[in-house]
Amino acid sequence: MSKDSPFDAAAPVLVPMPAERPYTYAVPSGMRVVPGSIVRVPLGPRQVAGIVWDGGADAVDARKLRPIEEVFDCPPIAGPMRRFVDWVAHYTLSAPGMVARMLLRAPEAFDPEPWTEGIVRTDALPDRMTAARARVLEAADGGLAWTRTGLAHAAGVSSTVIDGLKAQGVFETVMIPPRPVVAAPDPAYAQPQLAPDQQVAADMLRAGVAADGFGVTLLDGVTGSGKTEVYFEAVAEALEKGRQVLILLPEIALTHAFLERFQDRFGAKPGEWHSDLAPRMREKVWRQVAEGTVRVVAGARSALFLPFRELGLIVVDEEHDPAYKQEDRVFYNARDMAVVRGHLGGFPVVLSSATPSVESRVNATRGRYRHAVLSGRFAEAALPDLKAVDMRRAPPAKGSFLSPLLTEQIGATLEKGEQSLLFLNRRGYAPLTLCRVCGHRFGCPVCSAWLVEHRFRGQLVCHHCGHAEKRPEACPECGTFDHLAACGPGVERIAEEVVATFPEARTIVLSSDIVGGVRRLRLELEAIAKGDADIVIGTQLVAKGHNFPNMTLVGVVDADLGLANGDPRAAERTFQLLSQVTGRAGRTGKKSHGLLQTYQPDHPVMQAIVSGNAESFYAREIAERERAGLPPFGRLAGVIVSAATRAEAEGHARALRRAAPEAADIFVLGPAEAPLALVAGRHRFRLLVQGERRSDMQAFVRAMLANGPKQRGSVRVQVDIDPQSFL
DNA sequence: AGCACGCCGACT
DNA sequence: GTCGGCGTGCTC
């Protein structure tokens with residue numbers, strides 16, 4: 001830069017947009033920026049927040065070069081976090097700018113929170129004492145700063161009394177710093193009583209944190225074995241060392257109970273982070289994490305991109321949960337990225353689950369992860385007595401979906417004044433509607449999935465893309481009236497049957513399309529826990545960590561659902577889901593039961609669930625995957641192909657097969673694996689491609705992108721299988 | 001990702 | 001005659 005330029009230097013700045021590399025901006029003389037500084041820069045017609053990046057700035061045409069407008073008064077993004085952004089971008093084949101965008105999603109937080117004006121007592125005395133003045137002086141006795149209205153309220157006087165005292169110099173103005181969103185957690189607040197096996201695991205985790213280095217521990221133990229208390233000890237250790245902690249939860253909006261458990265242990269709530277957070281709170285949490293005021297965050301996957309300065313531990317609770325996958329924009333699995341974050345930050349990571357993912361199990365048995373197992377001997381008494389109901393031998397009556405045995409048990413439970421849970425992972429009334437006259441089936445005009453009937457709403461709804469239409473009375477194909485047949489059950493239809501059989505019972509349906517959203521859902525869950533329902537019929541959202549103390553029967557309406565969809569993880573997913581659901585019963589000390597309606601009672605998943613022998617299931621699943629070269633052994637890389645039509649997407653898939661030397665190992669999965677990708681009329685298929693190395697796979701996809709500029713943006717790599725192959 | 005520019009259908 | 005659909009291209 002020439003001597004008389006108004007700018008001293010140029011800096012690389014990562015802007016929140018799909019740029020492959022940082023843009024170069026001029027640094028006005030007198031402005032100081034360092035890597036990590038958050039700056040305001042002009043970008044096209046608008047102003048955006050960007051992050052000053054590492055390395056030198058590109059040489060850019062001086063006419064294009066524009067100046068940084070402002071450096072925000074905000075702690076710079078720390079080095080490990082910047083390397084994390086680069087790493088995630090490289091690994092997911094996303095633009096670094098798009099990863100940076102995830103970090104900058106609290107735009108108001110870059111300016112410091114304002115200090116508020118307060119008043120504090122001086123040595124001066126008022127000229128005359130009155131009753132009101134006396135009350136004020138008494139209330140303000142501690143020498144602490146008050147807000148004007150706050151003190152008036154506390155003393156029970158009008159604020160003019162305060163103004164009068166202030167005018168006489170009895171109070172003086174001071175500035176009060178912003179209040180922390182949560183109090184500081186105290187690692188010694190409530191020392192837990194740990195069972196011997198918990199103590200062993202807790203010591204192991206504590207030692208990992210104390211040793212101050214990267215390492216992953218899989219914390220593995222059945223429902224009720226006390227995993228949370230155990231990893232809280234690791235949290236305590238990290239806090240004692242002055243480090244920040246991140247606890248990832250799959251769906252924090254519904255895990256209110258978790259925050260309370262945390263408070264019981266540490267005397268304060270953790271900072272919360274999820275998409276439902278009010279914008280004002282969002283800013284505060286972001287800012288206070290950056291400043292180090294918030295020491296512990298409990299959050300959804302996006303919390304991984306909070307600007308921690310002194311992160312010293314990540315716990316991933318329910319590490320197997322598919323909610324950790326983000327499947328839009330930047331595709332990542334937060335569990336895997338947490339492991340990477342720990343590696344880059346040089347601190348330990350704890351993965352916790354009663355039903356670990358197969359890949360984490362394999363990493364543990366191979367010694368890449370430490371394995372802390374809770375035997376759960378103390379929880380065993382509470383486990384429900386589980387049985388498979390062979391639907392071939394004991395079929396339900398025609399037109400119904402509950403077997404006589406299950407119906408009988410519901411009745412018995414009802415009589416005892418206890419609660420039943422019927423689980424069916426399918427929203428709506430019926431998954432398919434057809435015309436009995438011409439055989440016409442109602443499909444989605446946008447994405448070709450079947451339309452699901454929602455009878456309460458009188459609609460046919462596509463569960464992939466959200467398309468909805470009114471349920472017609474006549475067949476659109478042959479015009480016949482009143483001959484449309486609902487095929488198969490959804491939760492609404494099960495509710496219909498239950499209400500017909502047990503009209504006196506209080507029945508409630510819980511699914512994600514409940515009117516009133518998350519708030520209503522939370523209220524309903526609390527009501528159920530209090531005993532305000534006899535029979536609960538729900539989709540998978542009832543499986544997630546909610547305790548229903550009077551729930552003594554769990555009936556799985558269709559235990560086979562999810563086993564037959566061609567997903568290599570179908571068995572594993574079903575095992576995990578059924579374990580969680582059946583675990584909802586038996587938290588009571590009372591005798592409790594679980595019934596699984598199945599046409600495949602000999603299936604390994606059913607056997608494992610019924611016998612409680614998870615070990616045999618894992619062993620079998622691992623052996624089978626090893627033989628088939630499936631994850632986590634094949635080092636599979638995934639590709640999502642998207643196109644406007646199904647035929648076009650399949651064409652892309654064929655082209656990929658032709659172009660890939662590993663063609664024999666490419667296989668196409670239906671949209672079931674990535675339902676969220678089926679949006680806006682774009683068909684997306686995930687291809688799993690088995691290559692020698694991930695880098696080969698990436699090179700292959702890059703070549704595909706280079707060959708067909710029309711395909712840019714329609715072919716992406718998603719690698720989410722083997723979280724340690726990259727370290 | 002935004003946002004502008006730009007070219008073809010139904011309407012105040 | 002305009003309003004408005006989303007295809008293409010650009011941002012230091």
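So that the names make sense, note that chain A is the first sequence line, chain B the second, and so on, each numbered from 1.
Across all non-hydrogen atoms, the minimal contact from W286(A) to C74(A) is CZ3-SG, 3.8 Å. Residue P250(A) comes nearest to E318(A) through the heavy atom pair CG-CB, 3.7 Å, listed as atom of the first residue, atom of the second, then distance. Minimum interatomic distance between Q244(A) and R309(A) (heavy atoms only, all atoms of both residues): OE1-N, 3.0 Å. The two atoms that bring R21(A) and L14(A) nearest to each other are C-CD1, 4.4 Å, heavy atoms only.
In this structure, E359(A) CD and L351(A) CG are separated by 10.0 Å, a value rounded to the nearest 0.5 Å.
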Practice item. Show your working on side chain to side chain donor-acceptor pair (under 3.5 Å) between E113(A) and Q288(A) and close with a plain yes or no. Key: CA-CA 9 Å; E113(A) 288 181 77; Q288(A) 294 184 13; 3.1 Å; yes

Check your understanding: Given the rule in the side chain to side chain donor-acceptor pair (under 3.5 Å) test, do Q459(A) and R471(A) qualify, once you have shown the distances and angles that lead to the verdict?
Key -> CA-CA 5 Å; Q459(A) 282 182 324; R471(A) 182 184 186 273; over 6 Å; no

**Study point:** Pair assignment for DNA chain C - dot-bracket with | for other-strand partners, Watson-Crick or G-U under 3.5 Å
**Key:** |||||||||||.

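For R66(A) and dC12(C), the shortest distance from a side-chain N or O to OP1 or OP2 is below 4.0 Å.
Atom CG in D61(A) sits roughly 10 Å away from atom C1' in dC12(C) (whole-Å rounding). Note: CD1 (I68(A)) to C1' (dT11(C)) measures 16 Å, nearest angstrom. What separates CZ of R101(A) from P of dT11(C) is a distance of 20 Å, to the nearest Å. As a whole-Å value, the separation of M98(A) CE from dA1(B) P is 5 Å. Computed from coordinates, the Y23(A) OH to dG2(B) P distance equals 14 Å when rounded to whole Å. For E69(A) and dC12(C), the CD to C1' distance is 13 Å, given to the nearest whole Å. The interatomic distance linking E20(A) (CD) with dA1(B) (P) rounds to 13 Å, in whole Å.
Side-chain polar atoms of E319(A) and S357(A) form a donor-acceptor pair below 3.5 angstrom.
Of the residues in residues 32-53 of chain A, those lying under 4.0 Å from DNA chain C by heavy-atom distance are P42(A), L43(A), G44(A).
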